[in-house]
Asker: 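Please read through the structure below; I'll follow up with questions.
Sequence positions, counted from 1, serve as the residue numbers for this chain. Since the structure is predicted, the reported quantities are computational estimates derived from the model, not experimental observations.
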Amino acid sequence: MNPTLAELTVGQDLGSRRIEVTRTDLVKYAGASGDFNPIHWNEAFATGVGLPGVIAHGMFTMGAAVQLVTDWAGDPAAVVDFQTRFSKPVPVADTTGTPDAGAVIEVSAAVGALDADAGTARVDLTVVAGGQKVLMKAQAVVRLA
């Protein structure tokens, strides 16, 4: 059952998820998005431009984070706005040939504000990888019944 505005309170925990990321995920995302920037797949290039290594696409990170909200809302179309600031890259280690993830993104969500007149809830996301916040002011506005 989809959440309703009446059952929410500001500060309410909406859950969390752990997203394991591999270099293969980045290659798949590059193919889907058309973003073939070598910082997302070429270690030598990425370190050559001053990065700690291959990094996840910003939009990959953003999309992976908001999935928690769409799952909670029960309808991706309920998300009417999503904004964030990128604060740190998400380095993805090469773990090819192992079952290990190259990075883990941890996302948690809580109700940040309610607007009864608009029928919306603002969901505030905390997005962390490698012990550091990688998205700042990540907020989704969700229209609810």
Side-chain angles (χ1 to χ4, degrees), residues 1-3 5 7-115 118-144:
M1 185 169 177
N2 295 351
L5 200 60
E7 65 191 24
L8 299 177
T9 57
V10 173
Q12 182 177 345
D13 178 22
L14 300 180
S16 62
R17 72 183 302 186
R18 175 183 162 93
I19 303 150
E20 295 187 352
V21 185
T22 66
R23 296 250 179 119
T24 299
D25 294 326
L26 301 184
V27 170
K28 289 177 182 178
Y29 184 82
S33 69
D35 181 352
F36 294 102
N37 188 322
I39 64 173
H40 303 303
W41 57 269
N42 184 312
E43 186 81 26
F45 185 88
T47 56
V49 297
L51 293 169
V54 167
I55 62 169
H57 303 74
M59 292 298 135
F60 174 92
T61 304
M62 197 173 164
V66 79
Q67 184 69 47
L68 176 63
V69 179
T70 62
D71 290 348
W72 166 78
D75 178 9
V79 177
V80 296
D81 185 52
F82 180 46
Q83 299 180 31
T84 191
R85 293 186 190 141
F86 299 100
S87 56
K88 300 273 185 202
V90 177
V92 180
D94 185 1
T95 57
T96 305
T98 76
D100 299 330
V104 175
I105 301 170
E106 297 184 37
V107 183
S108 60
V111 176
L114 298 169
D115 185 336
T120 60
R122 189 190 77 219
V123 177
D124 296 341
L125 297 169
T126 301
V127 184
V128 175
Q132 297 186 38
K133 281 190 176 183
V134 295
L135 299 180
M136 300 298 284
K137 202 168 178 158
Q139 299 176 331
V141 176
V142 182
R143 187 169 320 283
L144 301 169

Asker: Could you tell me which residues satisfy ring pair (Phe, Tyr, Trp, His ring centres under 6.0 Å) with His57, sequence neighbours excluded, listed by chain and number?
Answerer: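 Once residues adjacent in sequence are excluded, the partners of His57 under the ring pair (Phe, Tyr, Trp, His ring centres under 6.0 Å) criterion are Tyr29, His40.
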
Asker: Check salt bridge (charged side-chain N to carboxylate O under 4.0 Å, His left out) between Asp71 and all other residues, then give those that pass, not counting sequence neighbours.
Answerer: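 If we apply the salt bridge (charged side-chain N to carboxylate O under 4.0 Å, His left out) test to Asp71, skipping adjacent residues, the hits are Arg17.
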
Asker: How would you list, by chain and number, every residue that makes a side-chain hydrogen bond (donor to acceptor under 3.5 Å, both in side chains) with Asn42, sequence neighbours excluded?
Answerer: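 Residues passing side-chain hydrogen bond (donor to acceptor under 3.5 Å, both in side chains) with Asn42: none at all.
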
Asker: Can you give the donor-acceptor pairs under 3.5 Å from side chains of residues 45-53 to other protein atoms, not counting sequence neighbours?
Answerer:
{"residue": "Thr47", "atom": "OG1", "partner": "Glu43", "partner atom": "O", "Å": "3.0"}
{"residue": "Thr47", "atom": "OG1", "partner": "Ala44", "partner atom": "O", "Å": "3.3"}

Asker: I'd like to check the side chain to side chain contact (heavy atoms under 4.5 Å, CB included) partners of Ala110; sequence neighbours left out, ordered by chain and number.
Answerer: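 Ala110: no side chain to side chain contact (heavy atoms under 4.5 Å, CB included) contacts found.
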
Asker: For Gln83, which residues count as a side-chain hydrogen bond (donor to acceptor under 3.5 Å, both in side chains) partner, sequence neighbours excluded?
Answerer: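 side-chain hydrogen bond (donor to acceptor under 3.5 Å, both in side chains) check on Gln83 returns Asp81.
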
Asker: Salt bridge (charged side-chain N to carboxylate O under 4.0 Å, His left out) with Arg85: which residues, sequence neighbours excluded?
Answerer: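 For Arg85 there are no salt bridge (charged side-chain N to carboxylate O under 4.0 Å, His left out) partners, ignoring immediate neighbours.
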
Asker: Residues in side-chain hydrogen bond (donor to acceptor under 3.5 Å, both in side chains) with Arg122, at least two apart?
Answerer: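 side-chain hydrogen bond (donor to acceptor under 3.5 Å, both in side chains) check on Arg122 returns Asp124.
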
Asker: Among residues two or more places apart or on two chains, list those pairs meeting ring pair (Phe, Tyr, Trp, His ring centres under 6.0 Å) that have a residue in residues 69-103.
Answerer: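 Non-adjacent pairs meeting ring pair (Phe, Tyr, Trp, His ring centres under 6.0 Å): zero.
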
Asker: Pairs under 3.5 angstrom only: tabulate donor-acceptor contacts from the side chains of residues 129-137 to other protein residues two or more places apart or in another chain.
Answerer:
none

Asker: Just to verify, what does Val80 make a side chain to side chain contact (heavy atoms under 4.5 Å, CB included) with, not counting sequence neighbours?
Answerer: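 So Val80 forms a side chain to side chain contact (heavy atoms under 4.5 Å, CB included) with Val141, Arg143.
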
Asker: Test of understanding: with side-chain hydrogen bond (donor to acceptor under 3.5 Å, both in side chains), list the residues that count as partners of Thr98, not counting sequence neighbours.
Answerer: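 Expected list: none.
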
